[in-house]
Each structure stands twice: as structure tokens, then as C-alpha cells.
S.K.: 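Here's a structure for you.
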Amino acid sequence: MITATIQPTFSAWRGQARELLQRGIRPEHVDWCDATQTPALLMEEPAAYTARPPTDIKVPAEFLNLAASVCAHTDARRFAILYRLLYRLTWGGERHLLSHPADPDTRQCQVWAKAIGRDIHKMHAFVRFRLIGVDEATQREQFVAWFEPEYRIVQLATPFFRKRFASMDWSILTPHECAHWDGQDLTFSPGVSQSEVPDADAHDDLWRTYYRSIFNPARLKVQAMQSEMPQKYWKNLPEAQIIHELISSSGERMKQMIATPERPVKPMPDNAYLKKLHGRKRGAEGEG
Amino acid sequence: MELTRKLEILADAAKYDASCASSGAARKDSRDGKGIGSTGGMGICHSYTPDGRCVSLLKVLLTNACLYDCHYCINRRSSNVQRARFTPEEVVQLTLDFYKRNYIEGLFLSSGIVRSADFTMEQVIEVARQLREVHHFRGYIHLKTIPEASQELIEKAGRYADRISINVELPTQEGLDKLAPEKNLANTKQAMGGIRAKIEETVSARKEASQIRNAPRAKAPVFATGQSTQMIVGADESSDALVLARADELYRDYRLRRVYYSGFSPIPEPSVLLPIKPPPLVREHRLYQADWLLRFYGFDVGELLPREDPNLDLELDPKLAWALRNRPLFPVDINRAPRELLWRIPGLGTVNVERIVAARRHSRLRLIDLQRMRVSLKKVLPFIIAADHTPRVAVLEAANLRHRFLPAPRQLELNFNAPPPATPQDALMALSGQL
Ligand code: SF4
């Protein structure tokens with residue numbers, strides 16, 4: 001048995017997996033451990049390998065994408081199952097494994113990757129930047145955001161922000177890892193605590209005004225809202241502060257609408273354009 | 001008037017337009033360091049309001065003053081709603097400020113009609129022009145256009161926008177004559193035809209430009225990549241068959257990206273011409289389901305809505321209702337049937353159909369395989385044959401098969417007879433988990 005203790009990142013897993021694979025180590029002989037979760041264990045001396053290493057290991061690009069996602073997950077089994085998938089794809093000769101969605105290993109990795117994809121998508125949606133100032137030298141506006149992703153997705157999710165907000169300076173801070181953009185480079189640093197982030201922006205009030213006004217109290221569907229915007233995200237969304245108020249006042253607003261006396265039809269104003277419209281219509285009807 | 005108050009009025013005035021999509025735009029970004037924003041790929045919903053709708057764009061009217069008298073609309077000239085007007089600069093600044101904070105993906109701008117169609121369009125276009133040309137805004141812009149506006153202005157709008165839309169509002173001209181006397185279906189279709197031609201012309205010109213290898217590289221023309229529309233449901237007598245037939249025509253003849261269905265709901269300034277009772281919300285939901293079946297599952301309107309039954313079943317999804325009417329076609333063998341037949345199995349979506357087609361090359365599929373794909377077995381079992389399953393003939397033929405799929409009685413009451421959920425208080429309780 002070999003114990004592979006790695007940092008919980010894709011690149012650490014890939015390096016380790018490549019080495020094990022070259023030595024032909026079977027997946028059932030590897031015990032994968034997260035170095036941040038376990039007391040440091042030395043990697044044990046490998047058993048003398050029995051198989052001939054493949055001269056060069058080729059895996060589909062699709063696998064690498066999948067693996068990068070799966071490694072960002074937090075399920076303790078991910079490294080082992082991913083290695084088993086890799087082994088089967090290469091040594092096992094099951095080259096079409098990834099297109100076999102009923103295979104339990106493929107399926108499990110796809111389920112994890114999907115959860116990661118969703119988490120990334122929610123980060124793109126729910127990060128809220130706060131303006132903290134303007135850089136004196138460059139005149140660039142500087143923004144900071146606090147976000148709590150479910151998985152370790154900061155490196156996977158931030159290139160999107162670089163494309164979209166290239167012309168402002170920004171930092172996205174999370175408990176595990178932070179990302180920073182200064183117009184030149186995207187850099188990463190260790191996680192911080194929320195106390196380092198300003199907790200409001202001058203525009204939050206205007207944004208809440210918009211949120212309040214775009215809501216239609218005659219169509220309350222709280223379940224639908226929650227399934228797309230789960231409550232765990234609410235504490236960092238400025239607009240979520242007024243959700244309760246909107247829900248509890250909607251019944252009353254609806255009653256008022258129904259009780260309002262119906263407005264009569266007003267006559268057509270004296271407007272040349274309107275007259276032309278109505279005239280043309282009547283004309284068309286006459287012809288038809 | 002204060003900006004906050006204007007925003008209140010002009011967002012309130014815009015909320016009855018269901019469209020919010022921000023997907024399907026051409027890829028662009030601001031990595032050149034000039035301007036701000038990006039589009040392309042999946043749209044993002046930046047928030048959700050308690051009506052379950054996604055907030056992806058700043059959706060406002062430039063003004064809610066309007067000459068027209070559309071009776072389902074809070075902005076019609078007969079309404080006593082307070083009127084307001086943004087300046088183009090105000091909308092531009094709001095869009096940029098909201099965008100930089102990642103509240104939104106872009107702007108959806110429409111307007112009440114003042115003076116004339118052309119005058120109104122010019123104002124709307126000016127906002128888009130400033131965003132694109134002065135601020136190099138690369139985010140999403142959706143402009144509502146007026147069918148009576150000149151072709152030239154519609155084309156100009158299309159150069160700045162990622163999407164343009166014209167609402168047909170109601171499926172028939174009779175309905176419009178009664179409820180929106182200034183609107184004209186023929187004009188709408190003609191304008192949609194013009195937009196379609198322009199979109200297609202641009203796509204092929206782009207292709208050509210990308211094929212020309214020699215410098216100087218031909219500059220590809222710019223135009224919106226899609227158009228969409230909205231129909232209001234339940235404000236007039238139109239059946240679902242009429243609504244869907246109109247949608248189908250628009251998809252086919254004008255290549256619309258989306259038709260939105262908006263169940264008519266009470267508005268603060270009700271008109272004498274409108275029904276007091278709104279249609280059940282679930283009707284809108286069933287229309288969307290049927291719409292997907294038309295676009296992605298190879299169904300046609302007549303199959304979903306036979307002449308003798310022109311309205312969708314509110315209790316069952318339309319595919320299931322179709323399957324129950326067409327039982328002799330089942331059971332379908334998931335290990336052999338072509339895609340087109342798999343699409344027709346209730347409970348199987350296109351994604352799972354692709355998975356089945358891929359997986360069955362490797363082995364004969366059993367129920368456990370379906371379960372792993374998270375297919376609801378309860379729903380599919382009567383309709384399929386798998387390696388380890390053949391439904392009993394009696395089940396498929398049973399007169400009470402329908403009952404198997406009906407929601408539990410209590411839910412039934414909640415979902416269909418009363419506006420769900422029962423009261424705001426219930427909803428709050430459900431939220432906090434308190435009793
Ligand atoms: S044209 Fe009709 S739908 Fe549009 S704002 Fe005016 S009244 Fe409302």
C-alpha cells in the first residue's frame with residue numbers, strides 16, 4: 001500500500017498521479033490523503049513495480065478538464081476515484097470510458113464536476129464589488145468583494161472577472177484563497193477573514209430600490225427564488241436584506257390592487273401620430 | 001424628481017416584461033483595458049426576486065408616459081400612475097455603476113411611446129450609443145423596439161444591441177383590437193421579418209469576413225445576434241392552441257430566439273376591459289414546457305393540443321399528457337429506440353437521452369443505470385423497456401394510469417386552486433423553518 005499525501009490542488013494531484021501511473025501502480029494500492037487534513041505522513045516507499053511503464057501517457061483533454069474540476073471538490077474520495085478513472089483510461093485500456101455515462105466512476109466524477117460548475121456559476125453571479133477608492137497614480141477605481149464559495153474554486157472562477165472587469169482594480173477575498181487583479185496580473189494569496197472587507201457600498205441602497213421595484217407582489221413564488229438563490233448566499237447579498245419585507249407585504253399589496261376601482265378608458269388625445277395609426281388601420285380593414 | 005424615485009417608477013413600469021435572458025450574445029470582453037464588460041456564453045442571473053424571476057439586467061423604461069392605451073399595461077394613457085422620465089445620461093450612469101458592482105449583466109431598455117414611434121426610438125438608441133461609443137461598454141444590451149419605427153432606426157438599434165425585441169402581446173389581431181387598439185400584428189411581423197433578414201445578413205457577412213485571410217482584414221459588420229418577443233396569457237380569451245400556434249409561426253418564420261409567456265397578473269391600475277381573475281400561474285409554466293417540446297423534442301402543436309382539447313392540462317406536464325393519449329406507442333425499448341422516440345418518453349429530458357444513447361453503446365441499460373443518471377423511475381417505468389424491466393401491459397392500459405401521476409391531493413389544492421404559496425406568512429414560515 002502506498003500513501004500519497006498531497007496538497008488538495010489539481011496540480012499536486014496531477015504530479016503525483018503521473019508518477020504513480022508511470023510506475024503502473026494499481027489504484028487499489030494507493031491511499032490518497034489531503035496534507036491539510038492529516039498529520040504529515042511521509043509517502044511510503046513504493047513497492048517495486050511489476051508492470052512496464054507506458055512510454056508516454058496520453059489522456060483526452062476532456063479528462064484534464066474533468067480532473068481540474070473534481071480536484072476543487074471537497075469529497076475525501078475524489079483523488080482516489082479520479083486516479084482509478086485515470087488508471088482505467090490508460091493501463092486499463094478503457095479508452096472510451098468518459099463517454100460512458102452509466103459507468104459509476106465516470107458518473108461520480110461528472111456529478112462532482114457539475115457541483116463545481118454550479119458553484120463557479122454562483123460565484124460569477126453573487127460576488128458583489130464594493131468601491132474602496134481610486135488609485136492615485138493610475139486613476140483606476142479599486143473594488144473589493146467578499147465571497148464564500150462552497151468548494152475551492154477561486155482559481156477556476158476568477159479568469160471570468162478578469163475579462164469582464166479588466167479596467168478596474170479588484171480583489172475577491174474568500175476564506176480559503178484570494179484573487180487580485182491590477183490591470184496586469186491576476187495573483188492569488190491565502191484566505192482571510194471577513195473583517196477585512198467593507199460591509200457596504202454607497203450604491204447598495206439604489207440597488208435595493210431597484211430590487212424592490214422590479215419585484216411583482218402579485219406573483220409570489222418563494223420556492224422558485226430559493227432553489228436558484230439558496231439562503232446560504234443571502235448574508236453577502238445587499239438585496240437579500242429586504243426579502244422578508246417584500247414577502248410579508250405582498251399579500252396586502254395584492255389586496256389593494258384587486259380592491260382598486262377599475263379605471264375607465266380615456267379618449268384618444270389629439271396627436272397626429274396616433275391619428276395616422278388609427279387611420280391607416282381603418283384603411284387596411286376597408287381593403288381587406 | 002430624485003433619481004431614486006425615478007428608478008422606483010421606471011423599474012416598476014418595466015417589471016411586466018418577462019424577458020431577462022442575457023445569453024446568446026457574440027463574444028466580447030474588455031481585456032484591452034478600454035471600457036468595461038463582457039458577453040458570450042451562458043447568461044448569468046445575478047439575483048432572484050421573491051416572485052421567482054431572475055434579475056440579470058437593469059430593466060427600466062426610459063419614460064412611462066405613453067400615448068398608447070394597452071389595457072393590460074400599467075403605463076397606458078388611461079392609467080393614473082405617476083409619470084417619470086430618465087435622461088439618457090442617468091440611465092447610462094446607473095448601468096455602469098450597477099455593472100461595476102456585479103449586480104447586473106447589462107441593460108434592458110424600453111420606453112413608453114411619446115410623440116411618435118421614431119422619436120421614442122431615437123431616445124432609446126441614444127442611451128445605447130452613449131454606452132457603446134462613449135464608455136465602451138461591452139456588457140449586454142437588449143433594446144425593445146417599436147414595430148412602427150422606421151427600418152433605418154431599427155437597424156441602428158441593432159448595431160448597438162445584443163438583442164432586440166418586439167412584443168406581439170396577444171396572439172390574434174382581434175385580441176389586439178380590443179385590448180391594445182394601437183397595435184397591429186401585420187406591422188409587428190413585418191418588422192420582425194426585417195430584423196431577421198438583417199441578423200442573417202450579418203451572420204453571413206461575418207463568416208465571409210473571417211474567411212478573407214489577406215490583410216487588411218475586412219471588418220465584420222455588427223448587429224444584434226437575436227430577437228425575442230412576449231405574449232400575454234389570460235388577458236383575452238385565446239386558447240393555448242392559439243398561443244402556441246402563433247409562437248410556432250414566429251419561431252419558424254422569423255427565427256426568434258425566445259417567445260416569453262407572461263401570465264396576466266393584477267396591476268395597480270386595473271382597466272375595466274380586463275378580467276378580474278388572473279389565470280393560474282401554472283398555465284404559464286405549462287406553456288413554457290410545451291414551447292420546449294416544440295423547439296427541442298420534435299413535437300408539433302397539433303400533437304400537443306388536439307382540436308377537441310385546445311388547452312393544456314394544468315395538472316400534468318404536456319409530454320405526459322400526450323403520452324397518456326398515445327399509449328399504443330409505448331412501451332419504448334431504451335436500448336434500441338432511435339433518439340426521436342426516446343425524446344417522447346415522459347420523464348426523459350434531452351440531456352438524459354444523450355446519456356442513454358452514449359451509454360448503450362457499452363452495455364445494455366438496466367434500471368440502475370437510469371437511476372444513476374437521476375431519471376425519475378416512477379415516471380418512466382410504465383413507458384419503457386430496459387434490460388431488466390418490461391412494464392405489465394395492464395399498467396399501461398389501466399384507465400387510472402393518469403392518477404398515478406397526479407400530485408398528492410393537498411398539494412393539488414396548493415398548486416392549482418389557490419395562488420401558491422397559500423399566504424405570504426406561510427411562505428415566510430417555510431423560509432425560516434419556524435412554525
Ligand atoms: S405601448 Fe402599450 S404596452 Fe407599451 S408602454 Fe405603452 S401602453 Fe404599455
Side-chain angles (χ1 to χ4, degrees), chain A residues 96 99-102 104 107 121 124-130 141 143 162-168 183 201 203 206-207 209-211 213-216 218-225 228-229 237 239 243-244 246-248 250-251 254 257-258 260 262-266 269 271 273-274 277 281, chain B residues 4 7-8 11-12 15 29-31 33-38 44-52 54-55 58-59 67 69 77-80 97-98 100-103 115-116 148 182 184 265-273 281 355 358-359 362 365 369 372-373 421 423-424 427-428 430-431:
Chain A
H96 301 291
S99 61
H100 187 1
R107 189 72 202 115
H121 189 71
H124 293 167
F126 298 148
V127 154
R128 294 289 181 262
F129 283 117
R130 269 129 202 195
E141 286 178 310
F143 290 84
R162 186 183 56 187
K163 276 192 203 163
R164 180 159 289 190
F165 301 110
S167 58
M168 36 192 244
D201 182 281
H203 274 77
L206 209 52
W207 170 238
T209 299
Y210 176 69
Y211 184 80
S213 310
I214 204 73
F215 162 62
N216 186 346
R219 305 174 49 109
L220 202 59
K221 275 191 191 171
V222 178
Q223 283 289 311
M225 166 186 68
E228 296 298 335
M229 193 169 82
L237 293 171
E239 67 272 26
I243 289 177
H244 279 72
L246 291 181
I247 295 172
S248 58
S250 65
M254 174 88 165
M257 285 187 233
I258 293 173
T260 310
E262 285 137 12
R263 310 289 185 225
V265 180
K266 275 185 198 160
N271 171 283
Y273 170 70
L274 268 190
L277 261 190
K281 207 154 83 189
Chain B
T4 307
L7 181 60
E8 241 167 49
D12 190 83
K15 73 177 158 211
D29 62 49
S30 48
R31 272 180 297 182
K34 205 165 141 192
I36 189 157
S38 63
I44 299 175
C45 291
H46 282 275
S47 194
Y48 288 83
T49 37
D51 49 20
C54 134
V55 183
L58 170 63
K59 196 192 305 185
L67 280 173
D69 212 15
R77 64 171 187 258
S78 304
S79 142
N80 296 332
D97 284 341
F98 278 13
K100 286 179 186 170
R101 284 154 184 83
N102 204 39
Y103 299 154
R115 238 183 278 178
S116 71
E148 283 76 26
E182 281 82 22
N184 181 301
S265 65
I267 51 172
E269 286 282 321
S271 156
V272 281
L273 296 185
L281 283 181
R355 288 196 184 122
H362 301 275
L365 301 182
D369 296 316
R372 252 184 229 128
M373 298 174 197
T423 67
L428 273 182
L431 263 185

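These values consider heavy atoms only, across backbone and side chains, with no hydrogens, waters or symmetry-generated copies. All chains are named by letter (A, B, ...) in the order of the sequence lines, taking the proteins before the strands, and each is independently numbered beginning at 1.
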S.K.: Just so I understand: if I count every heavy-atom pair under 4.5 Å between each of A/Asn216, A/Thr209, A/Thr260 and chain B, which residue has the most?
M.R.: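 Answer, by heavy-atom pair count under 4.5 Å with chain B: A/Asn216.
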S.K.: Relative to chain A, which segment of B/Val272 carries a heavy atom at a distance below 4.5 Å: side chain, backbone, both, or neither?
M.R.: both
S.K.: Sort A/Leu206 into side chain, backbone, both or neither according to what part of it lies under 4.5 angstrom from a heavy atom of chain B.
M.R.: both
S.K.: With chain B as the partner, which of A/Ser213, A/Ala224, A/Ala102 has the greatest number of non-hydrogen pairs under 4.5 Å?
M.R.: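 When all of A/Ser213, A/Ala224, A/Ala102 are compared, A/Ser213 has the most.
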S.K.: State which residues pass side-chain contact (heavy atoms from CB on, under 4.5 Å) with B/Lys100; sequence neighbours excluded, sorted by chain then number.
M.R.: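 Counting only residues at least two positions away or on another chain, B/Lys100 forms a side-chain contact (heavy atoms from CB on, under 4.5 Å) with A/Glu141, A/Phe143, A/Met168, B/Ile36.
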S.K.: Could you tell me which residues satisfy side-chain contact (heavy atoms from CB on, under 4.5 Å) with B/Arg31, sequence neighbours excluded, listed by chain and number?
M.R.: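 Testing B/Arg31 for side-chain contact (heavy atoms from CB on, under 4.5 Å), a comparison that skips the adjacent residues, returns A/Lys163, B/Asp29.
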S.K.: Pick one of side chain, backbone, both or neither for B/Ile267, based on which atoms fall under 4.5 Å of a heavy atom in chain A.
M.R.: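 The answer is the backbone of B/Ile267.
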S.K.: Aromatic rings A/Trp207 and A/Tyr211: how do their planes relate, parallel, tilted or perpendicular, breaks at 30° and 60°?
M.R.: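 Tilted, since the angle between the ring planes falls between 30° and 60°.
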S.K.: Between B/Tyr103 and chain A, which part of the residue has a heavy atom less than 4.5 Å away: side chain, backbone, both or neither?
M.R.: both
S.K.: Does atom NZ of B/Lys34 have more than 12 heavy-atom neighbours, drawn from other residues, nucleotides or ligands, at distances under 6.0 Å?
M.R.: no
S.K.: Keeping the roles fixed (side chain from B/Asn102, backbone from A/His124), state whether a donor-acceptor pair exists under 3.5 Å.
M.R.: yes
S.K.: So which residue, A/Arg162, A/Met229, A/His203, ends up with the most heavy-atom pairs under 4.5 Å with chain B?
M.R.: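 Counting heavy-atom pairs under 4.5 Å, the top option is A/His203.
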S.K.: Using non-hydrogen atoms only, which part of A/Glu228 is less than 4.5 Å away from chain B: side chain, backbone, both, or neither?
M.R.: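 Both backbone and side chain.
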